[in-house]
Amino acid sequence: MKRFGKFISEHNVLVLIIGVALLIPATLGMIGTKINYDILSYLPQELDSTKGQTVLDKVYSDAATSLLIVEGMEEKDIVKLKEDVKKVDGVEDAFWIDDALDISIPKEVLPDKIKNNLYSKDSTMIIIKLKESAASERTQNTIASIKKLMNKQCFLSGISAIVKDTKDLADRETPLYVVLAVVFSTIVLLLSMESALVPVIFLIAIGMGILYNMGTNIFLGEISYITKALAAVLQLGVTMDYSIFLMHRYEEELVNHESKKEAMTEAISTTMLSISGSSLTTIAGFLALCTMDLALGKDIGIVMAKGVVIGVLCAITILPAFILTFDKLIHKFKHRTILPEFKKVSYLVINHYKAFIVIFIVAFIPAIFGAKNTSVYYNLDESLPKDMESIVATNKLKDEFNMMTTHFILVNDEIPPYKLKEITSKIEKVDGIENVLSYDKFIGPTIPEEFVPDKIRDIFKQGGYNLILANSKYKSAEEAENIQIQELTDIVKAYDEKAMVAGEGALTKDLINIADEDFKKVSIASTLAIFIIILLVFKSVSIPVLLVSAIELAIQINMGIPYYTGTVIPFIASIVIGTIQLGATVDYAILLTSRFKEELNRGYEKKEAMRVALEGSAKSITTSALTFFGATGGVALISDMALIKSLCLLIARGALISMVVIILVLPSLLLVSEGIISKTSKNWKSEEKIEEAKNIPV
């Protein structure tokens, strides 16, 4: 490791040249990485709901269907608008009543079930079929083109429109997230570090690491918009520790070495050892997300684990090169920090550690109860601003057409017409089903099939499937909607075992079931992985229990607060926050415990050892936690996307709660358990080191 450190120190200019050169392919890779804005597309492909979506996409081109609501427009103008929409690239077809009947026929003579589907007072609805899936780049361009044809009387709804609005909002806000993270992190570092230039150098080095990480995402093919929005601020927050550790170590080594290059060589080699354990816990935390059945977890997990690895590499290569290059300026702009020495805090903890043990035990009860009962939501539109165009249109579907979700039901085309009518009749009787559109509704009992327009036939019968559209008054993710979907599934499966119920409602129902299982998987995987890493680092059975228990209290408090404040959080937060908070802040616990062990081996009695350890590590823990808080808290303040806002608020608050628990509660746990630790840990206290420490002259 010293050879590596010496190489970086001796060739700092070369390291910077290579680092800057790598920014070019990284930037190109970042630009070339596709972004997925459809959360539902991350569901497992073997589910009936996702199989149905594939059929709708490949066979019917219905996986991306938008509904255009038109208010107070003349029928001839509606026909013209529909024809203009059909000409837009990416539109498979557009359907309105004129495709079945002449518009000269009064709408009052239409069958009620047809009329109610397409009309509501002075509003009507054009059904638009798109050629590609909702989240494809072509579909997004298609939606943008359709919007150009619309006026104030038009409202475009559907998953495609929501995805487009989500994309526009995310693209607009994500750069602001990075700017705010940099600004708040700079403020924290200026107040806590001894040089005004250090924050700038830190952020440049970490920024390069972020760009490398985002650029290498091109090898993954695509990433989710959630990953894109959070990756930079999370990487900044969780890898700042490594920069702080290196800088502190370099300052210490400058006193013991004649040249700054020798000091940096020593700092790099020792920092590599000290951050190996802490970075492994963070990486393990993120990789635990890969155990999720929902592929979104793998998306976030791989990107962030890769980001931590790159962050470590930048901390021991690019950052040392910057520090050596600008060493004179760093020391020229030194100033006093405002962070306290934590002497009063250390005395408070060691003098009242038993009281903090009681607090630790008692706090678990309301924390766990709150975390267990926190409400979550699963709908994508719940996380978007209410004044967003697609959300306004979706609400109009509810209010004017009493249409919250549309179920796409696929059954075998060989089912006899009389049985198809039985299916349709049973579906209509299901609670909450407002109306049903199927092939038999259009042909009726008296119209021969050969007289049915091809356009109508193609909407419902293709590729060996018969499509039934059932409009529900319930919203996706509601309990009533999920019960309704199960009833529909039971009905159609009785006639066709391979029948599928697809659409937003069915996908969301599966999402809820998967999310519950994913939460358990991720919690177990992250806790177990981090437990094993701490066990190996400290060669102890008891220390992992104590450290993980302390962080778990912080996590439960964080996740329980929404229950007591009456806040509903996005489902993804309930799955990922625990593992992110555990992986990112267990570093603080490892730092304090390592320092406690070090002081014990210097011959200090346990209380004095903890006092020295707390004073020595509290400043680093506070700086790191406040930087993490600043990086994510700023995003929580300005984001209009409730999903991103909630995630960042929970991460920011979690960093502060973990900081408080580790500074106040963990020392108490270590003090009261020191005897057990000594018996269950290898080389916890070395008699040789203690004797050596006693013989060193003061």
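Just so you know, these numbers come straight off a predicted model, no measurement behind them. One is the number of the first residue; the rest follow in order along the sequence.
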Peer 1: Is a donor on one side and an acceptor on the other found under 3.5 Å between the side chain of S526 and the backbone of S523?
Peer 2: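 Pair found, side chain donor or acceptor close to backbone of S523.
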
Peer 1: Should we say atom CD of E46 is surrounded by more than 12 heavy atoms from elsewhere, each under 6.0 Å from it?
Peer 2: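 Yes.
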
Peer 1: Output all residues satisfying salt bridge (charged side-chain N to carboxylate O under 4.0 Å, His left out) with K261, sequence neighbours left out; order by chain, then residue number.
Peer 2: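 So K261 forms no salt bridge (charged side-chain N to carboxylate O under 4.0 Å, His left out) with any residue.
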
Peer 1: Would the distance check show the side chain of T282 and the main-chain N or O of A584 forming a donor-acceptor pair, the cut-off being under 3.5 Å?
Peer 2: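 Answer holds: no.
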
Peer 1: Pairing donors with acceptors under 3.5 angstrom, does anything connect the side chains of D587 and S624?
Peer 2: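 Not at all, the side chains of D587 and S624 share no donor-acceptor pair under 3.5 Å.
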
Peer 1: Would you check if L647 and V576 make a side-chain contact, meaning some heavy-atom pair closer than 4.5 Å?
Peer 2: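 The answer is yes, as the side chains (C-beta and beyond) meet within the 4.5 Å cut-off.
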
Peer 1: Can you tell me how far CG of N558 sits from CD1 of I651, rounded to the nearest 0.5 angstrom?
Peer 2: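 That separation rounds to 9.5 Å.
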
Peer 1: side-chain hydrogen bond (donor to acceptor under 3.5 Å, both in side chains) with Y250: which of T271, T270, D327?
Peer 2: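 Result for side-chain hydrogen bond (donor to acceptor under 3.5 Å, both in side chains) with Y250: D327.
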
Peer 1: Is it true that R249 and E253 have a side-chain N and a carboxylate O under 4.0 angstrom from each other?
Peer 2: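 Yes.
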
Peer 1: Is it the case that N217 and K228 place a side-chain donor and acceptor less than 3.5 Å from each other?
Peer 2: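 There is no such pair (donor and acceptor under 3.5 Å, judged by atom type) between the side chains of N217 and K228.
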
Peer 1: Hey, are D516 and K520 close enough for a salt bridge, meaning a charged N less than 4.0 Å from a carboxylate O?
Peer 2: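 No.
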
Peer 1: Taking atom types as modelled and ignoring hydrogens, do the side chains of S224 and D299 form a donor-acceptor contact shorter than 3.5 angstrom?
Peer 2: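 S224 vs D299: donor-acceptor pair found between side chains.
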
Peer 1: Quick check for you: to the nearest 0.5 Å, what is the distance between C314 atom SG and I210 atom CD1?
Peer 2: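 Going from SG on C314 over to CD1 on I210, the span is 9.5 Å.
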
